[in-house]
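Below is one structure, written out as C-alpha cells; the observations come after it.
Just so it is clear, the model here is predicted, and its values are computed rather than measured.
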Amino acid sequence: MKNILLITPPFTQLNTPYPATAYLKGFLNTKDISSFQMDLGIEVILELFSKNGLENLFQVASIKFEEFSENSQRIFSLQHDYIKTIDSVIAFLQGKNPTLARQICSGNFLPEASRFDAYNNDPDASAWAFGSMGMHDKAKHLATLYLEDLSDFIVECVDENFGFSRYAERLGRSANSFDEMYAHLQKDLTYIDKITLQILEEKLKLVLPKLVCISVPFPGNLYSAFRCAQFIKNHFPKIKVSMGGGFPNTELRELKDKRVFEFFDFITLDDGELPVELLNSNVQIPNSNEFKRTFLLENNEVVYKNNTIRHDYKQAEVGTPDYSDLLLDKYISVIEIANPMHSLWSDGRWNKLTMAHGCYWGKCTFCDISLDYIKVYEPIAAKILVDRVEELISQTGENGFHFVDEAAPPALMREVALEILKRNLTVTWWTNIRFEKSFTADLCVLLKASGCIAVSGGLEVASDRLLELIKKGVTVEQVAQVTRNFTESDIMVHAYLMYGYPTQTVQETVDSLEMVRQMFEIGILQSGFWHQFAMTAHSPVGMFPEEFGVVPEMNEITFANNDIQFKDKTGINHDKFSFGLKKSLFNYMHGICFDYDLQDWFDFKIPKTKISPDFIENSLLEDTSFIVKSSAKIIWIGGKPQVEAFTKSKKGISWKMMKLTFHDKRQTFDISLEKDKALWLVEFLEKAEIQNDRKMTFGQVKESFEQQFEDFELFWFSKPIEVLKKNGLLSL
C-alpha cells in the first residue's frame with residue numbers, strides 16, 4: 001500500500017520516461033511520503049505491440065476488412081509476419097537483441113508497407129543517412145518504419161486517435177469549452193482505452209493508493225487522463241484523483257466548468273511539490289482545508305484555493321528525481337527520421353534534470369513569460385546538480401542526461417562542466433540554450449570536454465528587426481559566431497526557426513531563409529526545424545496583441561485557454577511558406593542544393609533576397625582571441641607535460657631551454673621555452689588544473705608572471721602559448 005500513485009497517461013515518448021513523476025517521487029521521498037509511479041503510456045505500447053497484442057488487434061480489425069484501404073489490406077494480409085517478428089523487433093529496439101540488426105538490414109525480415117516507400121524509392125538518401133550512421137542505426141530506422149506501418153493500420157482500422165507520442169490530441173488543443181471532450185467521454189471505450197484501463201486496474205489493486213496524481217504534460221495526454229480518472233471514480237470511488245503538469249499549468253488557469261470535477265477532485269497549477277504534499281495531508285486528514293494553487297469543487301462551484309502561508313520549496317530542497325518503479329529497461333529507442341539531432345529526442349534513454357527553474361532571460365515576446373515555470377528563475381548550485389547526476393547514474397545505470405531547461409544559463413553550464421571534470425565523471429549530456437555571446441570558443445571546448453554533445457536554441461526569425469521585436473537579445477551575426485564556436489568544438493547545433501511572426505513581411509521571410517541557407521552551407525548549423533508562430537494567451541503577444549499588430553479571435557473560456565487564433569494586420573498568408581521552407585531545410589541538412597535559387601523552393605512568386613551572399617561568412621571574421629577580461633578564470637584541462645632540458649646556441653651564445661611534451665587523447669605535441677619561463681609555466685599549469693578549487697584569474701596570472709619577467713602580453717600571445725590555448729588552456 002502506498003499513499004500516492006503517480007501516473008503519466010498515454011502517450012509521451014517511447015525512448016525515455018517523461019520526468020514529472022520522477023521529480024515528484026524524488027521530492028516525496030524527502031518527506032517520507034510513500035509513492036509509486038508508472039508510465040502508463042509505455043506499458044500500453046508494450047502490451048499493444050506484442051505477439052498477443054497484435055493477435056488481438058488483427059482479430060478486432062477483421063470485422064472491417066472490406067473497408068480497408070489498399071495499404072491496410074496489405075498489412076492485414078501480412079499479419080502472420082508481423083505477429084512472428086514483433087517481439088524480436090521490440091527487444092531489438094530495447095537494446096536486448098543487437099545481432100538482429102543484420103537480419104533487419106538484409107531486406108527480407110520485416111514486412112513492409114507504405115512507410116517504406118520513401119526509403120525504397122530514394123536509395124541516395126538512405127546511403128547519405130546510414131553511410132555515416134551505421135548498420136545498427138539503419139536497423140533502428142527500418143524497425144521504426146515497421147512500427148509506423150502498424151500505427152497507420154491502427155489509426156485507420158481500430159482507433160483514429162492513436163499516435164505513438166500522443167492520443168486524441170485534437171480534443172486537448174485549444175478546447176475553450178469542455179463540451180466536445182465531455183461528449184467523447186460518454187462514448188464507448190476504444191480499443192486503446194480498454195488496454196489502458198486494464199493495466200491501470202491491475203496497478204490500483206497492487207498499490208492501493210489513497211490519492212492518484214495524474215501528470216498531463218501535453219494535449220495528447222489529456223483524453224487518456226480523463227478516461228483514467230473516470231475509471232477510478234466509477235470503480236474505486238474512495239480514491240481521490242488530482243491532475244497537474246504542463247497542460248493544466250498553461251491551459252487550465254481560467255477553469256470554470258463544473259463537469260471537470262466529475263472526474264477529478266483537484267487540479268493543481270505550477271510547481272507540484274507543495275500542492276501535492278498538501279493534497280496528501282488533506283487525504284490523510286480530511287477537511288484540513290489547506291491548499292496551494294488548487295482548483296476544486298465546493299458547494300457545487302469551482303473554486304481556486306491558495307490559502308496556505310507556506311512558500312514553495314527551493315530547488316535545493318526538492319531532492320533528486322527518483323526513477324524507481326518505472327520500466328527503464330523496456331523503453332524503445334526509435335529513429336523516426338535520418339537526422340542525428342532529431343534522433344536525440346527519440347533514440348536512447350536519457351535521465352532528465354534541470355539546471356535552473358525558469359528562464360534567466362525571460363523576455364521573449366512569443367513565450368509564456370507571465371507564468372511561473374518561465375518567470376520564476378532559480379538556478380541550482382553546480383555541486384548539488386552534479387550530486388544528483390551521480391545519484392541518477394547509480395540509480396539507473398545510465399550516464400546520458402538531457403537538461404530540460406527553457407534556456408540553460410551559460411555561467412551555470414560552465415560550473416557544472418568544471419564539476420563533472422573535477423569528479424572525473426563520464427557523462428553524455430545535451431540541453432537547450434540561448435545563442436548568446438557568453439558561449440565563447442573556450443567555453444564550448446570546456447563543455448565538450450565535460451561530455452556535452454549537442455545544444456538546441458532559438459534562432460527564431462533570422463532578421464535583426466524581428467529578433468529585436470521578439471526581445472531575443474541576440475543578433476544574427478552573434479548567433480553565427482556562437483554556432484561556429486559550438487561546431488568547432490564538435491558540439492552539434494540544432495536551431496529552432498520561426499516564420500509568421502506578427503508584422504513579418506514576405507521579404508523578411510525570404511531573407512531569413514537566405515541567412516539559414518548560408519549558415520548550413522558554411523557548416524555552423526547541423527540541424528533545424530521551422531515552426532509557424534503560434535500566439536499563446538500568457539505571452540506578451542497574447543496579452544497585448546495591439547502592440548504587435550494582431551487582432552485576436554476571443555472566445556468564452558470555461559475550460560482550456562492557450563493557443564489563440566488571430567489575424568495579422570499585414571494580411572499575409574504565412575501558411576503558404578510552410579512547404580518551401582521545410583523542403584529547403586531538409587535539403588540543406590543533407591548538405592545539398594545550396595546553389596538553388598530561393599525561388600525554386602516555392603510555387604508562387606517571391607522577391608529576391610536582400611542579404612549579401614557572404615553576410616554570414618563576414619560575420620565570422622571578427623577575431624576576439626586578443627580580448628581577455630582581467631577577471632576571466634584561466635583553466636588547464638590538459639595533462640602534465642614531460643619535461644626535457646636542452647641547450648640552444650646561436651652565434652656563439654648558448655642558453656638553457658626546456659621542451660614540454662604533452663599527450664592528449666588524439667595527439668602528442670610539444671612546445672619549447674627558455675628554462676626559467678618553462679619552469680614558471682609548469683608550476684602555473686599545475687595551479688590551473690581542474691582539481692584546484694581556487695582558480696587563477698587572468699589578472700593573477702599576469703601578476704605572477706611579472707614578478708619574475710617582463711612583457712606578459714608578449715609571452716601570453718606567443719606561439720608556444722597559442723599552441724596550449726588550442727589544446728586546453730582556457731579563458732572562462
Side-chain angles (χ1 to χ4, degrees), residues 173-174 337 339 341-342 364-368 432 434-435 456-477 479-480 483 493-521 525-536 539-542 545 547-553 562-589 593-594 596-611 615-616:
R173 283 201 172 279
S174 301
I337 56 175
N339 177 297
M341 183 71 193
H342 285 171
C364 297
T365 53
F366 62 81
C367 191
D368 292 340
N432 195 51
R434 281 179 67 244
F435 292 122
S456 56
L459 171 54
E460 319 305 358
V461 181
S463 153
D464 285 342
R465 180 189 80 84
L466 289 168
L467 285 171
E468 186 175 350
L469 188 61
I470 289 171
K471 295 186 179 178
K472 193 72 185 176
V474 299
T475 63
V476 176
E477 185 178 54
V479 171
T483 56
V493 184
H494 174 86
Y496 297 109
L497 306 166
M498 185 187 294
Y499 64 101
Y501 190 83
T503 73
Q504 182 173 357
T505 64
V506 171
Q507 184 68 58
E508 285 171 323
T509 300
V510 172
D511 290 347
S512 185
L513 175 57
E514 171 60 15
M515 297 277 207
V516 170
R517 186 197 68 78
Q518 290 184 28
M519 294 175 82
F520 274 98
E521 184 174 28
L525 279 183
Q526 292 74 54
S527 178
F529 191 82
W530 286 103
H531 303 257
Q532 187 165 356
F533 168 77
M535 188 165 83
T536 61
S539 68
V541 181
E547 296 180 14
F548 295 86
V550 296
V551 179
E553 296 178 9
N562 193 33
D563 288 0
I564 300 175
Q565 298 300 311
F566 67 93
K567 292 181 180 178
D568 189 329
K569 290 182 180 178
T570 63
I572 297 170
N573 176 16
H574 296 286
D575 295 351
K576 64 182 181 180
F577 286 94
S578 177
F579 181 79
L581 290 173
K582 292 176 181 178
K583 185 178 180 181
S584 60
L585 184 62
F586 178 80
N587 284 276
Y588 297 158
M589 286 194 291
C593 300
F594 295 119
Y596 279 36
D597 192 296
L598 298 185
Q599 178 64 69
D600 294 343
W601 302 113
F602 302 96
D603 59 3
F604 56 92
K605 186 69 176 173
I606 62 168
K608 290 280 186 183
T609 181
K610 293 184 178 180
I611 304 301
F615 177 87
I616 297 296

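With sequence neighbours excluded, the residues forming a side chain to side chain contact (heavy atoms under 4.5 Å, CB included) with Lys583 are Phe579, Asn587, Trp601, listed by chain and number. Partners of Phe548 by ring-ring contact (aromatic ring centres under 6.0 Å, His included), not counting sequence neighbours: none found. Residues satisfying the side-chain hydrogen bond (donor to acceptor under 3.5 Å, both in side chains) test with Glu547, not counting sequence neighbours, are none. For Phe529, the ring-ring contact (aromatic ring centres under 6.0 Å, His included) partners are His531, not counting sequence neighbours. Thr475 is linked by a side-chain hydrogen bond (donor to acceptor under 3.5 Å, both in side chains) to nothing, counting only residues two or more places apart in sequence or in another chain. Looking at residues two or more places apart in sequence or on another chain, you find a side chain to side chain contact (heavy atoms under 4.5 Å, CB included) between Lys608 and Asp597. When the side chain to side chain contact (heavy atoms under 4.5 Å, CB included) test is applied to Pro607, the partners found at least two apart in sequence or on another chain are Val506, Gln507, Val510. Trp530 pairs by the side-chain hydrogen bond (donor to acceptor under 3.5 Å, both in side chains) definition with nothing, not counting sequence neighbours. For Arg517, the salt bridge (charged side-chain N to carboxylate O under 4.0 Å, His left out) partners two or more places apart in sequence, or in a different chain, are Glu514, Glu521. Under the rule for a side chain to side chain contact (heavy atoms under 4.5 Å, CB included), the partners of Thr483 that lie at least two apart in sequence or sit in another chain are Phe435, Val479, Val493, Met519, Ile524, Leu525. For the side-chain hydrogen bond (donor to acceptor under 3.5 Å, both in side chains) test, no residue two or more places apart in sequence or in another chain qualifies with Ser584.
Using a 3.5 Å distance cut-off with no hydrogens or angles, the side chains of His494 and Ser456 do not pair a donor with an acceptor.
Distance OH/Tyr501 to CG/Leu466: 8.0 Å, rounded to 0.5 Å. If you take OG1 on Thr570 and CG on Asn573, they are separated by 10.0 Å, rounding to the nearest 0.5 Å. Atom OG of Ser527 and atom OH of Tyr496 lie 9.0 Å apart (nearest 0.5 Å). The CG atom of Asp511 sits 10.0 Å away from atom CD of Gln504, with the distance rounded to the nearest 0.5 Å.
The side-chain heavy atoms of Tyr499 and Leu513, taken from C-beta on, include no pair separated by under 4.5 Å. Between Met515 and Leu459 the shortest side-chain heavy-atom distance does not fall below 4.5 Å. Between Tyr588 and Tyr596, every side-chain heavy-atom pair lies at or beyond the 4.5 Å cut-off. The closest side-chain heavy-atom distance from Asn562 to Asp368 is below 4.5 Å. Contact of the Ile564 side chain with the Thr536 side chain is not registered, since no non-hydrogen atoms from C-beta on lie closer than 4.5 Å. Contact of the Ile616 side chain with the Val476 side chain is registered, since non-hydrogen atoms from C-beta on lie closer than 4.5 Å. Residues Met535 and Phe533 have side chains in contact (heavy-atom distance under 4.5 Å, counting atoms from C-beta outward). At a threshold of 4.5 Å between non-hydrogen side-chain atoms, the residues Leu497 and Leu585 count as touching.
When all heavy atoms are compared, the tightest approach of Leu598 to Phe602 is O-CD1, 3.3 Å. Taking every heavy atom of both residues into account, Cys364 and Pro540 meet most closely at O-CD, 4.0 Å. Scanning both residues, Pro502 and Leu469, for their nearest heavy atoms gives O-CD2, 3.9 Å. Nearest heavy atom pair, residue Pro545 against residue Gly542, reads CD-O, 3.5 Å.
Sorted by first and then second residue, the pairs that involve residues 457-466 and meet salt bridge (charged side-chain N to carboxylate O under 4.0 Å, His left out), not counting sequence neighbours, are Glu460-Lys472, Arg465-Glu508.
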Query raised in the report: Does the pair Ile611 and Gln518 meet the rule for a side-chain contact (heavy atoms from CB on, under 4.5 Å), with working shown?
Result: CA-CA 10 Å; Ile611 304 301; Gln518 290 184 28; 3.8 Å; yes
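Looking at Thr365, its side chain does come within 3.5 Å of a backbone N or O of Ile470 through a donor-acceptor pair.
Within a 6.0 Å sphere centred on NZ of Lys610, other residues, nucleotides and ligands contribute 12 heavy atoms or fewer. More than 12 heavy-atom neighbours from other residues, nucleotides or ligands sit within 6.0 angstrom of NZ on Lys576.
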